[in-house]
2 protein chains.
Amino acid sequence: MDEWLKHSTEVEASWVTADLTIFTVREGQLMVLLVERGVEPFLGRPALPGGYIQKDETLREGALRELWEEAGIDGRRLHLEQLGAYGEPRRDPRGRVVTIAYLALGPDLPAPVGGTDAERAYWAPVAQLQSDAQALAFDHAEILSDALEEVRTKLEYTAVATAFCGDSFTLSELRKVYEVIWGQVLDPSNFRRKVLNTPGFVQPTGEQRLPPTGRPAALYRRGTAWLLSPPLLRGGQQS
Amino acid sequence: MDEWLKHSTEVEASWVTADLTIFTVREGQLMVLLVERGVEPFLGRPALPGGYIQKDETLREGALRELWEEAGIDGRRLHLEQLGAYGEPRRDPRGRVVTIAYLALGPDLPAPVGGTDAERAYWAPVAQLQSDAQALAFDHAEILSDALEEVRTKLEYTAVATAFCGDSFTLSELRKVYEVIWGQVLDPSNFRRKVLNTPGFVQPTGEQRLPPTGRPAALYRRGTAWLLSPPLLRGGQQS
DNA sequence: AAGCGTTTAAGTCAACATGACCTTTAGGGG
DNA sequence: CCCCTAAAGGTCATGTTGACTTAAACGCTT
């Protein structure tokens, strides 16, 4: 590979990893999947799941493989999108490691199983992590923060909220996703009106679901639209 | 570095590059900066400017350095944001190369000077490139397409349009940015009302500018807000 | 079976935002 | 001095929003 280096000896090979920020809504909270590191550096510290990209896989394939290896989660049914690359020269004490951060979203996911490196995988409430962000390994606190901001924004102008719901869901469940992630209560009636008036956001299945108490709720599945127009803005809704 | 590889011999080091999609508005068109490649592969083919990230620089610093080396443009005054990572295993015939794509925006920029690798740098109209996208080297057509989509969307809900204008600008100039990038004509009066009613989007300088013909236009500079609320949606404006 | 609590569903209304269109203002050039 | 042009500002019918109220449909209790 050395013959490519023409102008500078300052170029060197890097290791490329994929790290995943996996969000789900559980018990009325936004949760993120963390692993307890089983190897140095940051041994024993919580971290986002991730690992090295292999020779013949795409970045996305690598992210999916790490998700499976480290937490036993099949990511093919999750919403998975790239967040961005993080490559500060000293973000990893071992050398130059550039990580490609992925954002994954899913409905209330199964409890993760331990990974191959004897890591322990578990769901952690995001709200609680914000206070002591120092706990996370590498620059994972920054990645998590960016991921959260990304999700909050995307809720407004895409149908990404449906990724947190199952195949069919009630409007209350969908609203709960917005409320948990935005951290604000939304008016049920206005929320319903907006969602139903946004073409392609959701479509009724015709089925119903019985809540623990109260009137049955109609079920919906996600519609064909990804971009919402008009968007669902979190503005000054008070109550 | 080899002691890190525990589970697989399938991991190998990668080369990490930065590629830039630099947009500007010139002559009523959206233009992108291209270079004619001076080395193999894709010798002589147009490509986005870019090159290898060096040992001790951040990804962003590398992007800025390549911009300077390949096109003689000082990017410190440009809006520069990361687009994402592109890492298909065979995107570069020389081996595993992961590129971090950056999006740069600037006001009508000076004609670029040739780069160090005897590349010729020039502005190309984006609209014209869409037709024969095959002309670009590597996966740069895909990167360009993603960059364009990103800019179109960000115009709606951020003040990024001001990055295409100089330090002070008229509302007509700002509107022209939207019209060129969205490819649709906007009503001048309604555009003015929306921009001025969006808190922090622009602020008046008190100065005026004389157009070639017509009434003098008030000058504005960018305001303090980055996110626009309410956003400037491109919906069904007809005329 | 009548009443109650609860949740979904649907309606009301004033305030505000939007798109289409029109009028006025302020320059330069003939 | 009139005309052309572009900026600036106004009008108005139509939609959308947030706050709030009312109706419907279930289980549960009495």
Side-chain angles (χ1 to χ4, degrees), chain A residues 28 155-157 165 168-179 182 184-221 225 228-239, chain B residues 28 155-157 165 168-180 182 184-221 225 227-239:
Chain A
L155 279 189
E156 291 194 324
Y157 62 96
C165 302
S168 67
F169 49 87
T170 69
L171 292 185
S172 291
E173 288 168 352
L174 189 64
R175 177 169 49 84
K176 193 72 188 171
V177 170
Y178 278 89
E179 291 180 338
W182 283 351
Q184 79 184 243
V185 178
L186 301 178
D187 182 275
S189 191
N190 295 337
F191 180 81
R192 153 186 308 278
R193 183 179 56 194
K194 286 213 65 169
V195 168
L196 296 182
N197 282 339
T198 303
F201 193 171
V202 298
Q203 60 187 81
T205 67
E207 311 272 306
Q208 289 194 333
R209 175 178 298 167
L210 287 180
T213 170
R215 175 173 171 171
L219 285 174
Y220 298 83
R221 66 172 66 93
L228 304 181
S229 62
L232 241 158
L233 302 172
R234 65 182 192 285
Q237 260 205 6
Q238 288 179 8
S239 77
Chain B
L155 279 189
E156 291 193 323
Y157 62 96
C165 301
S168 68
F169 48 88
T170 69
L171 291 184
S172 290
E173 288 168 352
L174 188 65
R175 177 169 48 85
K176 194 71 187 169
V177 169
Y178 278 88
E179 290 181 338
V180 164
W182 283 351
Q184 80 185 246
V185 178
L186 301 178
D187 182 276
S189 192
N190 294 337
F191 180 82
R192 153 186 309 277
R193 184 180 55 193
K194 286 214 66 169
V195 169
L196 296 182
N197 282 338
T198 303
F201 193 170
V202 299
Q203 60 187 79
T205 66
E207 311 271 306
Q208 288 194 331
R209 175 177 298 168
L210 288 180
T213 171
R215 176 174 173 171
L219 285 174
Y220 297 83
R221 66 172 65 90
L227 268 59
L228 304 181
S229 61
L232 242 157
L233 302 172
R234 66 184 194 284
Q237 261 205 6
Q238 289 178 7
S239 77

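These figures come from a predicted structure and were not determined experimentally.
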Base of [N] paired with side chain of [X] (donor-acceptor, under 3.5 Å):
X	N	answer
B:N197	C:dA17	no
A:R215	D:dA24	yes
B:S189	D:dG9	yes

Would you mind reading off the distance between [X] atom [atom1] and [N] atom [atom2], rounded to a whole angstrom?
X	N	atom1	atom2	answer
B:R234	C:dT18	CZ	P	16 Å
B:F191	C:dA20	CZ	C1'	17 Å
B:Q208	C:dG28	CD	C1'	15 Å
B:L171	D:dA8	CG	P	6 Å
A:L233	C:dA17	CG	C1'	12 Å
A:R209	C:dT8	CZ	C1'	14 Å
A:F169	C:dT7	CZ	P	21 Å
B:E173	D:dA6	CD	P	14 Å

Task: Check: A:Y220 side chain, A:L171 main-chain N or O, donor-acceptor pair, under 3.5 Å - done: no
Task: Results of salt bridge (charged side-chain N to carboxylate O under 4.0 Å, His left out) for B:R209 - residues two or more places apart only - done: B:E173
Task: Approximate separation, where rounding is to 0.5 Å, of A:S229 OG and B:L233 CG - done: 8.0 Å
Open item on the list: Working to the nearest 0.5 angstrom, can you tell me the gap between A:T170 OG1 and A:R175 CZ?
Closed with: 8.5 Å
Open item on the list: If you assign each of B:T170 and B:R193 to its closest nucleotide in DNA chain D, which residue comes earlier from the 5' end?
Closed with: B:T170
- [ ] Tell me, please, which residues at least two apart from B:E207 pass side-chain hydrogen bond (donor to acceptor under 3.5 Å, both in side chains).
- [x] none
TODO: Determine: side-chain N/O of A:S172 to OP1/OP2 of C:dT8, distance under 4.0 Å, yes or no.
DONE: yes
From C-beta outward on [X], which listed nucleotide comes closest to its side chain: [options]?
X	options	answer
A:T213	C:dC21, C:dT6, D:dC26	C:dT6
B:N190	D:dG27, C:dG28, C:dG19	C:dG19
B:P216	D:dA6, C:dA26, D:dC12	C:dA26
B:A217	C:dG19, C:dC21, D:dA8	D:dA8
A:R175	D:dT11, D:dG18, C:dT8	C:dT8

Task: Closest-nucleotide 5' rank along DNA chain C - winner of A:A218 and B:G214 - done: A:A218
Open item on the list: Please compare A:L196 and B:K194 by the position of their nearest nucleotide in DNA chain C and report the one closer to 5'.
Closed with: A:L196
